[in-house]
Amino acid sequence: EAGVAQSPRYKIIEKRQSVAFWCNPISGHATLYWYQQILGQGPKLLIQFQNNGVVDDSQLPKDRFSAERLKGVDSTLKIQPAKLEDSAVYLCASSLADTGGSEQYFGPGTRLTVT
Amino acid sequence: AQKVTQAQTEISVVEKEDVTLDCVYETRDTTYYLFWYKQPPSGELVFLIRRNSFDEQNEISGRYSWNFQKSTSSFNFTITASQVVDSAVYFCALSPYNQGGKLIFGQGTELSVKP
């Protein structure tokens, strides 16, 4: 069974530029999560989708971050414009259900460097 | 407030030593889940164990064991006879049952096992 796919794996941009990350979850997983992991910290949830609807985006900086999951399968996370503090690894995860205790499967992440 | 604290930022041991990684959590929920994930240098988070709040039995899986104590809100992880391949960052995470399955991670403990 294929795991969670993410691209690109690495991205370097200058501040104020835009960037987009792509995630393809495990087939059949209705729930998709985007986490931000700053160096030396644990991942922090940015947004959660159940199929193509947003369940939780309370920690998403909506002035610059946006995300979509139009057909309830793959998802795109965008940053526009990027700031230096956005340098982090962006992790995508998926799970079968959206209840506590559902095992989340993580992708390899996209490492973003903003200069 | 819901929070996970991993007070040990870094631990260094010599191969074959036993090592315990501490995890303390805070939640007012009565139903929740606790997880441990491993993040090797490659960056992908690997699921190790899940525990629900009603099951305080200790669990052993090979060289790994987990001690869950609700009285002290702790969920500690012990590696017996550590090996170099155990070197990684380990994260403890809390998942409240009624919050869509999101994971609240601790800061992580970086374990270095030297030959």
Side-chain angles (χ1 to χ4, degrees), chain A residues 2-11 23 25-26 29-51 53-60 88-113, chain B residues 1-10 21-55 68 75 88-110:
Chain A
V4 177
Q6 290 188 249
S7 67
R9 292 294 312 276
Y10 304 92
K11 190 75 177 178
C23 171
I26 292 173
H29 281 195
T31 310
L32 185 148
Y33 308 81
W34 283 102
Y35 290 86
Q36 179 193 57
Q37 185 178 15
I38 293 172
L39 185 65
Q41 299 182 19
K44 181 186 80 172
L45 180 70
L46 290 176
I47 188 167
Q48 175 188 344
F49 292 94
Q50 178 67 13
N51 296 308
V54 175
V55 174
D56 183 350
D57 63 357
S58 57
Q59 298 194 83
L60 187 74
V89 175
Y90 291 85
L91 295 163
C92 179
S94 68
S95 68
L96 276 171
D98 65 344
T99 53
S102 298
E103 183 180 339
Q104 294 184 26
Y105 297 81
F106 285 82
T110 296
R111 183 178 298 276
L112 173 68
T113 302
Chain B
Q2 294 168 326
K3 185 180 176 182
V4 175
T5 301
Q6 295 178 255
Q8 304 150 309
T9 305
E10 297 177 13
L21 309 182
D22 297 333
C23 172
V24 174
Y25 62 93
E26 295 175 31
T27 180
R28 292 183 178 178
D29 294 341
T30 55
T31 304
Y32 52 89
Y33 291 80
L34 296 165
F35 292 78
W36 276 94
Y37 279 85
K38 175 181 180 179
Q39 189 173 45
S42 61
E44 197 158 336
L45 282 162
V46 177
F47 167 82
L48 295 178
I49 190 172
R50 169 184 52 217
R51 226 40 185 161
N52 74 57
S53 53
F54 299 107
D55 184 1
F68 176 30
F75 186 43
V89 181
Y90 291 86
F91 290 97
C92 181
L94 168 68
S95 180
Y97 181 72
N98 61 352
Q99 291 191 26
K102 74 176 184 183
L103 293 170
I104 301 163
F105 285 89
Q107 297 279 75
T109 297
E110 183 172 4

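Bear in mind the structure is a predicted one, so any value in this text is a computation, not a measurement. Numbered from 1 within each chain, the chains take letters A, B, ... in sequence-line order.
Note: A:Pro43 leads A:Gly107, A:Pro43, A:Gly42 in heavy-atom pairs under 4.5 Å with chain B. Comparing B:Cys92, B:Ser42, B:Gly43, B:Ser95 by how many heavy-atom pairs each has under 4.5 Å with chain A, the most go to B:Ser95.
Contact of B:Gln39 with chain A is made through the side chain alone, with heavy-atom distances under 4.5 Å. For chain A, no part of B:Ile104 is nearby; none of its heavy atoms comes within less than 4.5 Å. Within the 4.5 angstrom heavy-atom criterion, atoms from both the backbone and the side chain of A:Glu103 approach chain B. Proximity to chain A involves both the backbone and the side chain of B:Tyr97, based on heavy atoms less than 4.5 angstrom apart. If you measure heavy-atom distances from A:Gln50 to chain B, you find no contacts under 4.5 Å at all. Only the backbone of A:Ser102 has a heavy atom closer than 4.5 Å to any heavy atom of chain B.
To the nearest 0.5 Å, the span separating CD on B:Gln107 from CZ on B:Phe91 amounts to 8.5 Å. From A:Leu60, atom CG reaches atom CD of A:Gln36 across 9.5 Å, with rounding to the nearest 0.5 Å.
By the neighbour-count criterion of 12 heavy atoms within 6.0 Å, atom CZ of A:Arg111 is sparsely surrounded, having that number or fewer from other residues, nucleotides or ligands. More than 12 non-hydrogen atoms from other residues, nucleotides or ligands lie less than 6.0 angstrom from NZ of B:Lys38.
In this structure, B:Tyr37 and B:Phe35 have parallel ring planes: the angle between them is below the 30° cut-off, well short of the 60° mark.
Although no hydrogens or angles enter the test, the distance criterion places no donor-acceptor pair under 3.5 Å between the side chain of B:Gln2 and the main chain of B:Pro96.
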